[in-house]
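What follows is a set of notes on a single structure, which appears directly below.
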Amino acid sequence: MSKIGFLTDSCSDIPQELADKYGIEVVGFPINLDGVEYMERKDFTNDQFYQMMRNAQGVPTTAAITQLQWCEIYERYVDEGYTDLVHLCINSAGSSTYNNAVKGAEMLAEERPGHKLNIQLIDSHTYSMPYGWYLCECARKVRNGGELATCVEEMKQSLDRVEICLAAYSLKQMKKSGRVSAAAAVVGDLLGIRPIISLNAGVSKVEAKVRGDAAVPAAMIKWVESRVDSMKDTPYMVAYTSSTSKRDELVKACKKAFGHAPVIVFQLGGVVSANTGPDGIAIVYPGHPRHLEAYAPQLP
């Protein structure tokens with residue numbers, strides 16, 4: 001009889017209640033801030049981390065989850081009698097965590113020769129709940145009797161279409177991290193410049209700049225609508241950091257423009273907000289498939 005596990009890292013930003021509901025293990029990333037190392041999902045809440053960033057002298061840095069850690073986690077699944085493990089990882093282009101997991105699986109073969117655990121290790125090519133949500137959906141379908149291979153393939157196809165539109169209400173964190181120059185950040189904040197940023201296949205790009213907070217939701221919606229045929233029947237998510245008022249403004253604007261509510265509204269966790277800062281919002285939506293050959297019928 002199959003015993004199936006689901007595994008990911010804390011950059012997935014899966015709320016704990018969903019992780020518990022669908023039996024998903026979430027491994028925390030270590031985050032260093034002003035010389036102190038913390039463990040995400042253990043040592044602080046998201047709101048506490050936003051305030052820690054504001055009070056810090058430096059910028060938070062993240063370290064990859066190591067191959068030894070992954071190997072030890074895999075060993076536990078072997079020892080507990082699991083037959084299959086679906087492991088969905090943070091974007092490999094932005095973290096060595098995925099490659100460490102590959103090495104961890106190789107170490108497992110040495111530590112547990114002849115083990116029967118089938119590890120499906122998948123690179124999400126994205127960040128945050130865009131991959132967390134689809135892992136939840138995969139686990140939900142499997143827990144409800146869905147065939148594992150079919151559910152995993154559906155998850156991969158969804159991940160192949162994920163796009164993110166992000167807006168930063170302050171450039172202070174980007175200035176601290178060196179992503180924008182100090183002069184540009186000061187001028188930008190003084191003039192109320194808000195960048196509209198796309199994140200597609202793990203690559204970020206500033207798509208527009210608007211002046212003033214009030215212009216942000218409309219600019220984000222305009223970008224999203226330019227990327228899809230229609231949002232009227234397209235599921236989407238809304239992400240936020242510290243500002244519930246900015247979150248509510250974006251949700252209201254999206255409902256009006258798209259004609260329906262987001263499937264989920266979630267907070268960006270420490271790994272993502274360490275890079276974006278504590279004052280951001282985002283829309284997550286499915287764009288066009290990036291690898292069309294994956295969906296083409298196979299000729300005999």
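Heads up: numbering here begins at 1 and tracks the sequence.
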**Prompt:** What are the two closest non-hydrogen atoms of A64 and N100, and how far apart are they?
**Reply:** CB-ND2, 3.8 Å
**Prompt:** Which heavy atom in G277 sits nearest to a heavy atom in T241, and how many Å separate them?
**Reply:** O-CG2, 4.0 Å
Taking [X] first and then [Y], would you say they form a salt bridge - that is, a charged N and a carboxylate O separated by under 4.0 Å?
X    : Y    : value
D279 : K246 : no
D84  : K3   : no
E249 : K252 : no

**Message:** Before we go on, tell me: are the rings of Y22 and F6 under 6.0 Å apart, centre to centre?
**Reply:** no
**Request:** Answer yes if the ring centres of Y74 and H115 are under 6.0 angstrom apart, and no otherwise.
**Result:** no
**Prompt:** Going through the checks in order, is the salt bridge (Lys or Arg N to Asp or Glu O under 4.0 Å) test met by E147 and K141?
**Reply:** CA-CA 8 Å; E147 199 269 327; K141 293 174 184 177; over 6 Å; no
Assess the side chains of [X] and [Y]: does a donor N or O sit below 3.5 Å from an acceptor N or O?
X    : Y    : result
D47  : Q51  : no
S92  : D123 : yes
T150 : E153 : no
Q267 : R247 : no
S245 : S243 : yes

Is there side-chain contact between [X] and [Y], with heavy atoms separated by less than 4.5 Å?
X    : Y    : answer
I122 : M155 : yes
L117 : L85  : yes
R194 : K209 : no
Y131 : C11  : yes
L148 : I4   : yes
P30  : T62  : no

**Request:** If the plane angle is over 60° it's perpendicular, under 30° parallel, otherwise tilted; pick one for F49 and F44.
**Result:** parallel
Looking at [X] and [Y], would you say the former's side chain and the latter's main chain have a donor-acceptor pair under 3.5 Å?
X    : Y    : result
S242 : P278 : yes
S128 : P130 : no
N91  : Y127 : no

**Set of side-chain contact (heavy atoms from CB on, under 4.5 Å) partners for I73, sequence neighbours left out** = L7, E25, V27, W70, R76, Y77
